[in-house]
Amino acid sequence: MADYIRANGLYRRDFVATSATVRELKQHDGQRVELQGWVYKLRAKGKLAFLHLRDGSGIVQTIVNKQEVGEEVFARIKTLTQEAAIRLRGTVKLDERAPGGVEVAVDDLEVVSEVEGEYPISLQAHGIDFLLSKRHLWLRSSQQHATLRVRSEVIQAIHDFFYARQFVHVDAPVFTPAACEGTTNLFEVKYFDDTAYLTQSGQLYMEAAAMAHGKVYCFGPTFRAERSKTRRHLTEFWMVEPEMAFAGLDDVMDLAEEFLESIVQRVLERCPEELATLERDTSSLERVKRPFPRVTYDEAVKLLQDQGHEFEWGNDFGAPDETAISAHFDRPVLVHRWPKAIKAFYMRPDPDDERLVLGVDVIAPEGAGEVIGGGERATDLGFLLEQIKLHELPQEAFEWYLDLRRYGSVPHGGFGLGLERLVAWICGREHVREAIPFPRTLYRKEP
RNA sequence: UCCUCGGUAGCUCAAUGGUAGAGUAGGUGGCUGUUAACCACUUGGCUGCAAGUUCGAAUCUUGCCCGAGGAGCCA
């Protein structure tokens, strides 16, 4: 075939070559295809070269025979290095000797661009400092590639989940006049002659939107200027925050459960190759099916104490506590009814126990920690005014929020989910920084 | 902010007071089925910065810079 094409001067770009992507290559068995991408790995022997091509959809082994492509092209191939950009044409063959069971016998190849010097990220092990400084290139590595594909699938699944349930997508502002919850440190920015802050949560705005639309959610970046330095923290991260009017704590817990099940099962169904690339043991993900265990804060404290952990009622759980609690269960666990003092000012008090509020956290298994926090919101105007004083928040900044209680207040609630924590858990990544394209952490804002 | 660990070749690391080394990447040559290919040869260094101790410092001391893990706080 290639000889015929060359002999007749026909082997130009489009001749009998269907453009294809690596991911769908098995459907083109026996056909001549055109692929374009980057050199992932090259093993050139005397008269035979194995060139692994990465095209964004996957990686495939191509085989270049000196006799097939001629001296000139073969010599050119031997000068290529990792990440050179190329376009090639050849015949797809199913072959057991090739990784992935399919390969392309190349008959023509052109170089789109060569690599200047050497590519910094070799196939050997690298340290995290180096990789993060080369994040713009690290994105090309197969596990990072797979992680961001899963992130994309998760984001799509989130929108589909809410769309199917008649939630309205409402964007929250990024510039805010004051702290939403008054607890964490915010990033301050100049706002003309005034000061504004980058949002730490869209929740209060979602409460307003829920009174307009019934069921709403926002999905956007949030910012925390905390000096946290752990594998669970970023200064900029993405959060999904649904909010429902006429909903109580049980409705919020039901939604959280259905939501997590739906997202995880969707990734299992649509991203098996990515999870395999990530060497993720999927058995724990397969167990993410309703119903999830639900324990009260009191019961969780008892679990810890029975295990011999020193833990005082009234404290918040630290990361080791969360891991110890989740170790009792084989799927995410909902912890509800928390001490009032450690939760946000807007939480609704538990009518059965005034020390508690109707909040819920969802702790993911395998040490992934808290992925969801939420609950039922306080509706009583007098109570909220007290809380604002108690937390030393500026009441003027919350007048609009208090209006929601003045004009047709109804029971309502919702939760916030940290996207990177969810993606890191699903992907089995140790650190959330791999679950976002360009992580922003305490000591790193580049690239 | 606090605690712990680290910084040596492009990268990953070794060298515990006495000539700075290996693997890998890069370069050259060989090889028609490689799978982290292999074989031979080869380029590559202000040991994070500054001062000190010492005949002699990558190594010991002090200070600083940079990064990582964790705590607190949170998603």
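Bear in mind the structure is a predicted one, so any value in this text is a computation, not a measurement. Chain identifiers are assigned alphabetically (A, B, ...) following the order of the sequence lines, protein sequences preceding nucleic acid strands; residue numbering begins at 1 within each chain.
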Distance check needed: B/G70 P versus A/I128 CD1, whole Å only.
12 Å

Between A/K229 and B/A68, does any side-chain N or O lie under 4.0 Å from OP1 or OP2?
yes

Under 3.5 Å, is there any donor-acceptor pair linking the side chain of A/H126 to the base of B/C11?
no

With respect to A/E243, which candidate in A/H213, A/K215, A/R377 satisfies the side chain to side chain donor-acceptor pair (under 3.5 Å) definition?
A/R377

May I ask you to check whether A/F259 and A/F162 place their ring centers less than 6.0 Å from one another?
yes

Can you tell me if the side-chain N/O atoms of A/R444 get under 4.0 Å from OP1 or OP2 in B/A68?
yes

Please assess A/R97 against A/E103 for the test salt bridge (charged side-chain N to carboxylate O under 4.0 Å, His left out), listing each intermediate value before the final yes or no.
CA-CA 9 Å; A/R97 290 171 296 182; A/E103 67 183 12; 5.2 Å; no

What is the nucleic acid contact for A/P120, judged by heavy atoms within less than 4.0 Å: base, sugar-phosphate only, or nothing?
nothing

For the side chain to side chain contact (heavy atoms under 4.5 Å, CB included) test, which of A/S262, A/P332, A/P365 pairs with A/V288?
A/P332

Side chain of A/R97 (C-beta onward), nearest among B/G72, B/G26, B/U34
B/U34

Stacking here means centres under 5.5 Å and planes under 30°; does A/F237 stack on B/A75?
yes

Atom pair NE2/CD1 of A/H309 and A/I325 - distance to nearest 0.5 Å
9.0 Å

Strictly below 4.0 Å, heavy-atom distances to any atom of RNA chain B: list the hits from residues 247-262 of chain A, or just say none.
none

Quick one: the side chain of A/S228 and the base of B/C73, do they pair up donor-acceptor inside 3.5 Å?
yes

Nearest of B/G10, B/G72, B/U32 to any side-chain atom of A/K45?
B/U32

Quick check for you: among B/C74, B/U32, B/G33, whose closest atom lies nearest to any side-chain atom of A/Q67?
B/U32

Watson-Crick or G-U wobble partner for B/C5, using a 3.5 Å limit on both distances?
B/G67

Return whichever of A/A44 or A/F130 has its heavy-atom-nearest nucleotide of RNA chain B closer to the 5' end.
A/F130

Looking at A/W313, does the NZ or CZ of A/R355 lie under 6.0 angstrom from its six-membered ring centre and within 45 degrees of the ring axis?
yes

Residue A/R224, side-chain heavy atoms: nucleotide from B/A68, B/G67, B/C74 that is nearest
B/C74

Find the partner of B/C41: check Watson-Crick (N1-N3 plus N6-O4 or O6-N4) and G-U wobble (N1-O2, O6-N3) distances, both under 3.5 Å, and reply none if neither fits.
B/G27

Using Watson-Crick geometry (N1-N3 plus N6-O4 or O6-N4) or G-U wobble (N1-O2, O6-N3), each under 3.5 Å, B/C13 is paired with B/G21

Pairs involving residues 437-447 of chain A, ordered by first then second residue, that meet side chain to side chain donor-acceptor pair (under 3.5 Å) (sequence neighbours left out)
A/D129-A/R444

Write down the distance between CZ (A/R227) and P (B/G69), rounded to a whole number of angstrom.
17 Å

What nucleic acid atoms does A/A105 come within less than 4.0 Å of, heavy atoms only: base, sugar-phosphate, or nothing?
nothing

Those residues of residues 418-433 of chain A lying under 4.0 Å from RNA chain B by at least one heavy atom
A/R421, A/H431, A/R433

Please confirm whether A/F345 and A/F398 have ring centers closer than 6.0 angstrom.
yes

Roughly how many Å is it from CZ in A/R232 to C1' in B/A68, rounded to a whole number?
15 Å

Rounded distance in Å - CG (A/L48) to C1' (B/G33):
6 Å

Is the A/F219-A/H159 ring centre distance short of 6.0 angstrom?
yes

Which residue lies toward the 5' end of RNA chain B, A/I372 or A/T81, if each is placed at its nearest nucleotide?
A/T81

Sort out the partner of B/U61 for me: Watson-Crick or G-U wobble, both distances under 3.5 Å, none otherwise.
B/A51

Nucleotide B/G69, atom P - distance to CG of A/L132 in whole Å:
8 Å

Between A/E434 and A/R231, is there a side-chain N and carboxylate O pair less than 4.0 Å apart?
no

Please state how far atom CZ in A/F50 lies from atom C1' in B/C38, giving the value in whole angstrom units.
13 Å

Rounded to the nearest 0.5 Å, what's the gap from CD1 on A/I342 to CG on A/D316? Could you check?
4.0 Å

